[in-house]
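Notes for the one structure printed next.
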Amino acid sequence: MPYLAQISIFPIKSLDGVLVQAATVLQSGVLKGDREFAIIDAQGNFVNGKRNANVHRLRSAFDLVARTVSLRVEGTSETETFHLDGDRASLETWLSEYFGFPVQLLQNLELGFPDDTLSPGPTVISTATLQTVTGWFPGLSLEDTRRRFRTNLEIADTEPFWEDRLFNGVDSTQPFQIGAVQLEGVNPCQRCVVITRDALTGQAYPGFQKVFTSRRKETFPAWANSSRFNHFYRLAVNTVVSPSQANKVLKVGDPVGWQVPCDE
């Protein structure tokens with residue numbers, strides 16, 4: 001039976017994630033603490049992997065209880081630790097020096113800074129999907145693939161691309177449940193240049209997008225809704241969560257249930 005195997009949250013958008021055993025759903029549908037902060041430049045643009053490959057070389061370790069982040073540059077041992085609330089100015093100074101231009105750290109406690117503001121719920125993927133995609137690229141490990149796709153909820157004990165059953169047509173959603181939490185799948189997540197790069201170094205994997213798109217099309221499940229794929233550079237599912245689910249808790253090990261479409 002499918003179950004929730006991993007929960008990852010990313011306290012600062014575009015930086016490293018944290019594995020947690022449980023996560024609380026907020027009124028907005030996002031997981032508490034996920035993408036709570038974002039780095040922006042003087043023009044108000046996100047400083048992320050899509051715009052700045054130096055993001056990949058920035059290692060971050062979070063203590064969620066103490067609300068601290070420890071930063072270092074990949075390949076070095078020198079680490080600086082900052083309190084996310086009390087050391088904001090010092091943290092911004094360190095980040096500005098690293099990137100070579102002034103940045104600010106914005107905070108949004110209710111919505112965070114999701115990539116898809118219309119579907120801000122946790123992103124969902126299966127372990128089997130990640131294992132299959134890993135096999136398409138010699139030299140990649142499962143953990144490498146996880147870091148590239150940065151998904152919140154990982155579901156185990158399924159077939160590959162199981163999550164492709166969690167969306168319907170353009171104007172409808174697919175209800176499903178994880179433990180006590182009811183979610184709605186919206187659409188397959190469109191990917192960007194970030195997944196083509198090593199998440200630790202920023203080095204591009206030659207031909208990644210072309211291979212991914214070709215293999216994704218070849219392995220597309222016969223039962224999945226192809227109308228949502230104007231291209232096959234998509235993986236994982238975006239969700240929304242009703243405000244009625246606020247304060248409910250997702251836990252590792254929670255069973256997963258969904259309504260099976262009539263034609264599956």
Side-chain angles (χ1 to χ4, degrees), residues 5-6 8 10 12-19 35 38-39 41 45-61 71-77 95 98-101 103 113-116 123-156 158-164 187-222 224 226 228-238:
Q6 285 195 7
S8 299
F10 301 84
I12 299 180
K13 184 180 179 70
S14 301
L15 299 193
D16 295 333
V18 182
L19 286 174
R35 278 87 172 182
I39 305 167
D41 63 19
N45 297 315
F46 289 131
V47 179
N48 55 23
K50 189 185 303 185
R51 291 189 171 95
N52 192 316
N54 286 328
V55 166
H56 295 291
R57 299 185 63 249
L58 188 55
R59 300 280 67 76
S60 51
L71 298 174
R72 67 175 178 85
V73 179
E74 180 70 21
T76 70
S77 58
L95 290 169
Y98 171 73
F99 287 112
F101 52 84
V103 303
F113 299 91
D115 289 335
D116 188 338
T123 50
V124 180
I125 201 166
S126 68
T127 305
T129 295
L130 291 169
Q131 290 170 332
T132 298
V133 172
T134 299
W136 297 344
F137 299 98
L140 259 60
S141 68
L142 176 59
E143 198 55 41
D144 291 333
T145 306
R146 284 191 176 111
R147 283 193 292 260
R148 288 174 187 249
F149 286 92
R150 303 172 59 81
T151 310
N152 293 123
L153 306 180
E154 186 175 319
I155 310 301
T158 73
E159 63 188 312
F161 309 111
W162 170 90
E163 65 280 357
D164 283 344
N187 60 286
C189 183
Q190 177 170 290
R191 311 316 305 200
C192 67
V193 68
V194 168
I195 66 168
T196 70
R197 303 190 191 122
D198 186 307
L200 301 182
T201 67
Q203 183 175 357
Y205 192 109
F208 188 99
Q209 183 171 347
K210 183 177 181 180
V211 171
F212 178 91
T213 303
S214 175
R215 296 302 300 273
R216 183 73 164 109
K217 184 176 182 179
E218 291 171 7
T219 57
F220 189 73
S226 61
R228 305 306 302 274
F229 285 78
N230 57 331
H231 57 76
F232 285 88
Y233 197 50
R234 296 178 180 271
L235 195 74
V237 173
N238 294 320

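- For the atom pair CD of Glu218 and OG1 of Thr213, the computed distance is 11.0 Å after rounding to the nearest 0.5 Å.
- Thr201 and His56 make their closest contact through C-CB, 4.1 Å (heavy atoms, listed as atom of the first residue, atom of the second, distance).
- Nearest heavy-atom pair, Gln6 versus Leu19, reported as atom, atom and distance to 0.1 Å: OE1-CD2, 3.4 Å.
- With hydrogens and angles left out, the side-chain atoms of His231 and Gln190 include a donor and acceptor closer than 3.5 Å.
- Side chain of Arg57 to main chain of Gly202: no donor-acceptor pair is present (N/O by atom type, distance under 3.5 Å, no hydrogens or angles).
- Residue Tyr233 holds its OH atom at 10.5 Å from SG of Cys189, rounded to the nearest 0.5 Å.
- Among pairs with a residue in residues 145-156, those fulfilling side-chain hydrogen bond (donor to acceptor under 3.5 Å, both in side chains) read Asp34-Asn152, Thr123-Asn152, Thr127-Glu154, Thr134-Thr145, Glu143-Arg146, Asp144-Arg147, Arg146-Glu154, at least two apart in sequence or across chains.
- The CD1 atom of Ile12 sits 6.0 Å away from the CD1 atom of Ile39 when rounded to the nearest 0.5 Å.
- In this structure, the separation between CD1 on Ile125 and CG on Leu130 is 4.0 Å, given to the nearest 0.5 Å.
- Phe208 and Phe149 have tilted rings, their planes meeting at an angle from 30° to 60° on a 0 to 90° scale.
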Would you please test Arg59 and Leu200 for side chain to side chain contact (heavy atoms under 4.5 Å, CB included) and show each step? CA-CA 8 Å; Arg59 300 280 67 76; Leu200 301 182; 3.6 Å; yes

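- Separation of atoms OG (Ser8) and CG (Asp16) is listed at 11.0 Å; rounding is to 0.5 Å.
- More than 12 heavy atoms of other residues, nucleotides or ligands sit less than 6.0 Å from atom CD of Glu74.
- Using modelled atom types, one side-chain atom of Arg72 and one backbone atom of Thr76 make a donor-acceptor pair closer than 3.5 Å.
- Here the CG-CZ distance, from Leu235 to Arg191, works out to 6.0 Å after rounding to the nearest 0.5 Å.
- Between Phe220 and Phe161, the distance from one ring center to the other does not fall under 6.0 angstrom.
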Yes or no on side chain to side chain contact (heavy atoms under 4.5 Å, CB included) for Leu140 and Tyr205, after CA distance, side-chain angles and deciding distance? CA-CA 10 Å; Leu140 259 60; Tyr205 192 109; 3.4 Å; yes

Test log, rule side chain to side chain contact (heavy atoms under 4.5 Å, CB included), inputs Thr196 and Phe212: CA-CA 9 Å; Thr196 70; Phe212 178 91; over 6 Å; no

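- Ionic pairing of Asp164 and Arg216 is present here: one or more N-O contacts between side-chain nitrogen and carboxylate oxygen are shorter than 4.0 angstrom.
- Of all non-hydrogen atoms in Arg197 and Gly49, the two that sit nearest each other are NH1-O, 2.6 Å.
- For the pair Tyr98 and Val103, the minimum side-chain heavy-atom distance is 4.5 Å or more.
- Closest approach of Ala128 and Pro160 over heavy atoms only: CB-N, 3.6 Å.
- Using a 4.5 Å heavy-atom threshold, the side chains of Phe10 and Ser60 count as separate.
- When side chains are defined from C-beta on, Asn48 does not count as touching Val194, because their heavy atoms never get closer than 4.5 Å.
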The test is side chain to side chain contact (heavy atoms under 4.5 Å, CB included); show your working for Thr129 and Thr158 and say whether it passes. CA-CA 9 Å; Thr129 295; Thr158 73; 6.0 Å; no

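- Within the 4.5 Å cutoff, no side-chain heavy atoms of Asp41 are placed close to those of Asn52.
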